[in-house]
Amino acid sequence: MNEGRKEIIRALVVLTGLVFLVKLFFIQILDDRYAQLADSNSILKEIEYPFRGLIYDRNGKLLVYNSPEYDLLIVRKEIGNFDSAAFCKIFDLTREELRLKFKELRARKEYSPVKPTLFIRQLSNYDFAKIQEHIDEFPGFYIQPRTTRAYTTHSLANALGYVSEISKTQLENDSTKIYRQGDYIGQSGIEAQYEHVLRGKRGVRFKLRNVSGIEKGSFKNGEFDTLSVPGNDLITTIDLDLQEYGEQLLKGKVGSLVAIEPSTGEILSMISGPSYDPTLLTGRKFSSNFMLVSSDTTKPLFTRPLMAMYPPGSIFKIVQTLIGLQEGVLRPDTRFPCDRSVVNCHNHPNPCDLHMAVQYSCNPYFHQAFRRIINQNKSPNTFIDSRIGLENWHSYVTRFGLGQPLGVDLPSEKGGQMPTSTLYNRIYGEGRWKFSTIYSLAIGQGEMLITPVQMANLAAIMANKGYYFTPHLVKEILGSEQQPVVTKHETGIKPEYFAFVQDAMSDAIYGTAQRAVIPGIELCGKTGTAQNPHGYDHSVFMAFAPKDNPKIAIAVYVENAGWGGRAAASIASLMIERYLTGEVKRLALQEYVMKGDFLDKVTQTPSTE
Amino acid sequence: MRRQEDISGKMDWLTVLIYLVMVLLGWLNIYAAVYDETVHPSIFDLSLNSGRQLIFIAVSGIIILAILVVDMRFYEAAAYLIYGVVLFLMVLVLVVGKEVGGNKAWLGFGSFGGQPSEFAKFATALVVAKFIGSIGFRMDNFRNQVILFAMVGIPMVVILAQKDTGTALVFTAFVLVFFREGMSPFLMIVGIASAFIFILTLLVENELYLYGGIGVILIISILAGKKKIKRIALLTLGALAVAGVIQSVDYVITDVLKPHQQNRIRALINPDADPLGYGWNVTQSKIAIGSGGFSGKGFLEGTQTKFDFVPEQSTDFIFCTIGEEHGWLGSLVVIGLFVTLLLRVVYLAERQKNRFARVYGYSVASIFFFHFAINIGMTIGLFPVIGIPLPFFSYGGSALWGFTILLFTLLKLDAHRGQVLQRL
C-alpha cells in the first residue's frame with residue numbers, strides 16, 4: 001500500500017511546479033501592471049523645463065524675458081532628524097507654517113516618501129542665494145531650477161497677458177495632453193494667444209534610482225531622453241516708447257487707446273486704462289497680487305480696447321457720409337437745414353453742405369442723410385422700405401469691420417453690435433419699425449456698439465482710402481515656418497469719396513478739435529461725444545496723420561471725460577506728435593492732459609455684452 | 001584510492017549535474033542581485049555576496065570530497081552522535097547567543113560563522129532514517145510514532161527558541177517521510193485542511209458562510225457513502241473539528257502569532273492594504289518578478305532587486321532576481337530544475353535496497369520540497385513570508401553546505417547501494 005504513496009509525492013512535486021508556473025504566467029505575462037509599477041518604482045523622470053519664447057517690440061526692444069526661480073523639492077524618506085528651527089529661519093517660515101507644509105505634503109495624492117515632491121515653490125534669486133549655502137545641511141531637500149516671466153517694462157500688461165500655473169479645469173480640458181500639473185501656461189493676451197509657439201518643448205531625462213531615491217545612472221544610456229526645445233521668440237508690432245507715453249497720458253482715466261499703422265494693420269500701441277503693472281503677476285507673489293489686481297473695482301484685467309463696447313457717437317458720421325456717397329443719395333453739394341426738431345445740435349453755419357456737415361458734425365444733417373440711405377423708395381410700404389434700407393446699410397458697415405470681431409490676434413475680442421433687421425424685429429416685431437424708429441443710428445447712437453480697436457481700424461480705413469489690414473500685435477514668429485497671416489479687406493467704396501471725407505476731417509480739426517492741431521503736421525480727425533445716460537458723456541476721437549502719407553491711425557475713447565474735442569482729441573494729438581516727430585513740443589497740452597483725472601467721475605463700467 | 005574510483009562509476013551524475021547548474025545559476029543571480037551599476041564591481045569581489053558565495057561553493061567542494069571519502073557505514077552508525085552534537089551546538093547557540101545578543105541562531109568562530117540549525121535538518125534526517133530503518137520497526141506502533149515526532153520535535157523547539165520560525169517549520173516536512181513509510185495520512189490531511197480552512201476564514205468575511213459550507217459538505221458526504229453509524233459519527237466529528245479551527249482563527253491570529261507574523265498573513269490575504277508597510281515585501285517581490293515579462297530584462301538589467309526595492313534580495317528573495325532578469329522562461333528553467341531534482345531524489349530513494357537509505361532519501365526530498373515550495377510560493381504571493389532560503393540559489397554558507405551535505409550523503413549512499421545488498 002505504501003508503494004502507491006511515492007506516486008502521490010511525485011504528483012505533489014509536479015503539481016507545485018505547475019501551480020508556480022501558472023501563477024508566474026499570470027503575473028509576468030498576462031498582467032502589465034507589475035511592469036508599470038516597476039518603472040514607476042525605479043525610473044525617475046527628470047523634467048527639463050524649456051525657456052519660454054521672448055517677446056520684443058517692433059524696434060527690437062526686449063519686452064518679456066525669463067528669470068530663474070527655484071522650487072524646493074523634498075524626498076521625505078531621506079530626511080533624518082532635521083533642525084526645524086534652523087530650517088524655519090533660513091526659509092523664513094514660522095513653526096506653524098512648516099507643520100502645515102508637511103501636512104499638505106502628506107495630503108497630496110501623488111505623494112510618495114521616496115519621490116522628489118514639491119515643497120516650496122518659486123523661490124526668488126535672492127532667496128536661492130541665501131538657501132544655497134545651507135541646502136547641504138538639510139538632506140532630503142533639493143532645488144529644481146525653472147523660469148518665471150520677467151518684464152523690462154511696467155506697461156503693456158493687457159496686451160502681453162500673464163502666465164500662471166495651469167488650473168485644474170484647464171488641465172482637464174487639455175486635449176493635447178501636453179500639460180502636467182504645475183506647468184505654466186499663458187492665461188491672457190499674447191501669452192495665451194501664442195502659447196503654442198511660446199511654450200517650447202519640455203525635455204525629459206530618465207534616470208534610474210534605488211529604493212532610497214538615490215540616482216543610479218541613466219536609463220538605457222539616455223536612449224529615451226530628450227532635450228528641451230526653447231519656445232519661439234515673438235516680434236510684436238508694439239512701439240514700446242509710444243506705448244509707455246500713451247499709458248502716461250491715459251493715467252487717471254478710464255478708457256482705451258489704439259494706434260495702428262494703416263499700411264500694414266500693425267498695432268503700434270494698445271492701451272487699456274486703468275491697467276496694472278505686468279511685473280505684479282509673476283513669481284512667488286503671484287497669488288496675492290492676482291487677488292489684488294482681480295478684485296480692483298476699476299477692472300485692470302479687463303482689456304478695454306478689445307472688449308469694451310461703446311456707442312461710437314459722431315465719429316460714425318463719416319461712415320454714413322461714405323455710404324451715402326457710394327449709394328448716390330448724397331452728393332458733396334447736398335444741403336439740409338439744421339432743423340433741431342428731432343435731434344439737437346450746436347451753433348455752426350447753417351445750412352450745411354456735406355463737407356460742412358462733417359466738419360461741424362451737424363446732427364440734423366445726418367438725421368436727414370440717414371433717412372435718404374434707409375428709405376430709397378424700393379417699396380411703397382415704408383416698413384418694408386426701411387427694412388431693405390437697413391439691410392443694405394448693414395452690408396456696408398460690415399465691410400468697415402464693424403459688428404463682428406476684426407480677428408485681432410488676442411483672445412476674447414468682442415464684435416460690438418451693428419443692428420440688423422432681425423434685431424429690430426425682435427425688439428419691435430416684424431413690420432412694426434421704420435426709419436423714425438431707428439434714426440438714432442444716424443449719429444452713432446442707439447442700438448450700435450463698437451470697440452476701440454474697431455474705431456482705430458476705422459481711422460486706418462480712412463487713411464487707406466477704403467481698405468484695411470486685420471489689426472494685429474505679432475509681426476513675426478522667430479525661427480518658425482508658420483508666420484502670422486494678415487488679410488486685406490476692401491470696403492468697396494470709391495477712393496474719391498474717401499478723399500472728400502479726408503478733406504472734411506482735416507477741416508473738422510479746426511472746427512471741433514482745436515487742441516488736436518499739430519504745427520507742421522496735417523492731421524485728419526473726427527471728434528465724438530457719446531451720450532452716457534449714466535453720467536458724464538464719453539469723449540471720443542479718431543484721427544490719422546499725415547494726411548498725404550498716413551503713418552498712424554488712432555482712436556481714443558475716454559469715459560466720462562465729456563466732449564470729445566477735449567480729453568480724447570488732446571491725447572490722440574500728443575500721441576501722433578510723439579510718434580511722427582519722436583518728441584512732444586506742446587508741453588502745456590501734455591501737462592493739461594496728464595493732470596486730467598476722470599476716475600472719480602466713473603459711475604459705470606462699460607458694458608461687455 | 002581504489003575505493004574512490006569504484007564510486008565514481010556508480011555516482012548519479014545527473015544529480016551532480018543538476019547540483020552544479022543550480023549552484024552556478026545561484027552564484028550568477030546573487031551577483032545580479034547585489035550588482036551596482038555605478039561601480040561595476042567584479043563578480044569575484046569579496047566585499048560582495050557573490051565573491052563570498054564563491055568561497056562557500058569552494059568549501060562545498062571540499063565537503064563533498066569529505067563525504068565521499070568517509071565510509072558509507074559511518075552515516076548510519078554515527079546518526080545519533082551527529083544528532084546529539086548538533087543539538088548540543090544549537091543549545092550552545094541559545095546560551096552563547098544570549099550572551100552576545102543580536103545574532104540568535106549564529107555560532108561564531110572568529111570571523112567564521114555558521115548556523116547549526118542548517119545542519120540539524122541533516123542530523124534529524126539521519127536519526128529518523130536510522131530509527132525507521134531499524135530491525136522490527138513498525139509504523140503503526142504508537143510508541144514508535146511518539147519517538148519519531150520527538151526526534152523531529154526536539155530540534156524544532158530549540159530552533160523556535162532561537163526565534164527562527166522559518167527553519168523550524170521546515171521540520172514539518174518530515175510528515176511526508178512518515179506518510180511514505182506508512183503513517184496514516186490522517187495527520188497530513190488534517191494539517192493541510194486546517195491550514196486551508198485557516199486561510200479561507202481570513203478571506204471570507206462572514207463566518208456563517210463557512211459553517212453553512214461545512215454543513216452542506218457534511219450532508220453530501222453522509223448521503224454519498226454507506227450509512228453506517230461509525231462513519232456518520234466520524235464525519236460529524238471531523239466537521240466539528242473544522243468548525244473548531246474556524247473558531248480558533250481569531251484567537252490564533254491575535255493571541256498566538258506575533259505582530260510581524262500576523263502582518264505576514266495579512267500581507268498574503270491583501271498586500272495592497274498597506275503596500276509601504278507590512279505589504280512591502282510581498283508587493284515589491286511581485287512587482288520585481290511580474291515586471292520580468294516573458295523573457296526578462298536581461299542579466300544585470302533588473303532594477304527592482306538591484307536597487308533594493310526587494311528586501312533580502314540575495315538570500316530569501318533570490319527568486320525575484322531570476323523572475324525579473326530572466327522572466328517566465330528563466331523561472332521555467334529554475335522550477336524545471338527543482339522538479340527534476342526532486343523527482344530524481346525520489347527515484348534515488350526508491351531504488352535504495354535498505355530502508356535507512358530510502359528513508360534518508362525521502363527526508364532529503366521532503367526538506368528540499370518544503371524549501372522549494374515555501375520559498376518560491378512566498379515570493380509570488382502564494383504563501384506568507386517565511387524566511388527560508390531557496391536551496392543552492394540563496395546566498396549563505398551554512399545553507400549551501402547544509403543542502404550540499406544532505407544531497408551528497410544521499411549520493412554516497414546511492415553509490416554504495418550494491419554493497420548493501422551484498423552485506424545482507
Side-chain angles (χ1 to χ4, degrees), chain A residues 1-44 76-77 106 111-115 206-223, chain B residues 36-38 139 176-177 179-183 185 275-276 283-284 286-294 296-297 301-304 306-311 323-324 327-329 331-332 334-336 338-343 345-347 349-350 362 365-366 368-369 372-373 376-377 380-382:
Chain A
M1 135 183 171
N2 292 352
E3 283 303 305
R5 292 190 173 181
K6 71 177 183 208
E7 303 303 336
I8 293 177
I9 291 172
R10 280 179 180 153
L12 196 62
V13 168
V14 173
L15 194 72
T16 308
L18 283 177
V19 167
F20 285 170
L21 287 174
V22 168
K23 171 81 178 176
L24 283 164
F25 187 80
F26 272 99
I27 67 173
Q28 290 187 310
I29 297 170
L30 296 185
D31 199 339
D32 294 343
R33 209 158 42 109
Y34 294 104
Q36 287 162 13
L37 284 170
D39 285 351
S40 70
N41 252 349
S42 60
I43 297 175
L44 179 69
R76 189 69 186 82
K77 218 178 166 179
R106 277 190 297 270
Y111 171 69
S112 147
V114 295
K115 285 186 195 168
F206 294 95
K207 289 190 170 166
L208 292 173
R209 52 125 191 229
N210 72 2
V211 70
S212 318
I214 293 166
E215 280 174 22
K216 289 284 176 184
S218 63
F219 176 63
K220 304 230 165 167
N221 294 321
E223 204 180 302
Chain B
D36 186 338
E37 224 172 22
T38 52
M139 192 52 108
L176 264 185
V177 181
F179 167 71
R180 166 64 185 87
E181 292 306 319
M183 195 179 278
L276 298 179
T283 309
Q284 295 302 327
K286 278 165 86 177
I287 289 175
I289 295 170
S291 67
F294 181 68
K297 299 175 184 172
E301 295 293 325
T303 51
Q304 304 304 297
K306 211 161 56 178
F307 296 155
D308 305 338
F309 290 98
V310 178
E324 186 184 12
W328 192 75
L329 278 182
S331 307
L332 177 71
V334 170
I335 290 169
F338 268 104
V339 170
T340 313
L341 177 72
L342 288 167
L343 293 178
V345 168
V346 169
Y347 169 77
E350 285 293 339
Y362 267 102
S366 303
F368 282 2
F369 174 69
F372 160 69
I376 296 182
I380 59 180
L382 289 174

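No experiment lies behind these values; they were computed from the predicted model shown. Residue numbers start from 1 in every chain, and the chains themselves are labelled A, B, ... in the order their sequence lines are given, proteins ahead of strands.
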To the nearest 0.5 Å, what is the distance between [atom1] ([X]) and [atom2] ([Y])?
{"X": "Tyr362(B)", "Y": "Lys6(A)", "atom1": "OH", "atom2": "NZ", "value": "6.5 Å"}
{"X": "Phe20(A)", "Y": "Phe338(B)", "atom1": "CZ", "atom2": "CZ", "value": "10.5 Å"}
{"X": "Arg5(A)", "Y": "Arg180(B)", "atom1": "CZ", "atom2": "CZ", "value": "9.0 Å"}
{"X": "Arg33(A)", "Y": "Ile287(B)", "atom1": "CZ", "atom2": "CD1", "value": "8.5 Å"}
{"X": "Ser291(B)", "Y": "Asp31(A)", "atom1": "OG", "atom2": "CG", "value": "11.5 Å"}
{"X": "Gln28(A)", "Y": "Glu324(B)", "atom1": "CD", "atom2": "CD", "value": "10.0 Å"}

Open item on the list: Between Ile335(B) and chain A, with a heavy-atom cut-off of 4.5 Å, which part of the residue counts as in contact: side chain, backbone, both or neither?
Closed with: side chain
Task: Flag, side chain of Trp328(B) to backbone of Phe26(A), donor-acceptor distance under 3.5 Å - done: no
For [X] and [Y], work out which heavy atoms get closest and say how close.
{"X": "Ile380(B)", "Y": "Lys23(A)", "answer": "O-CE, 3.0 Å"}
{"X": "Thr16(A)", "Y": "Ala373(B)", "answer": "CG2-CB, 3.9 Å"}
{"X": "Lys286(B)", "Y": "Tyr34(A)", "answer": "CE-OH, 3.3 Å"}

- [ ] I would like to know whether Phe372(B) and Val13(A) meet side-chain contact (heavy atoms from CB on, under 4.5 Å); could you show each step before the answer?
- [x] CA-CA 10 Å; Phe372(B) 160 69; Val13(A) 168; 5.5 Å; no
TODO: Sequence neighbours left out, what passes side-chain contact (heavy atoms from CB on, under 4.5 Å) with Leu12(A)? Give chain and number order.
DONE: Leu176(B), Phe369(B)
Open item on the list: With chain B as the partner, which of Val14(A), Leu24(A), Asp32(A), Leu30(A) has the greatest number of non-hydrogen pairs under 4.5 Å?
Closed with: Leu24(A)
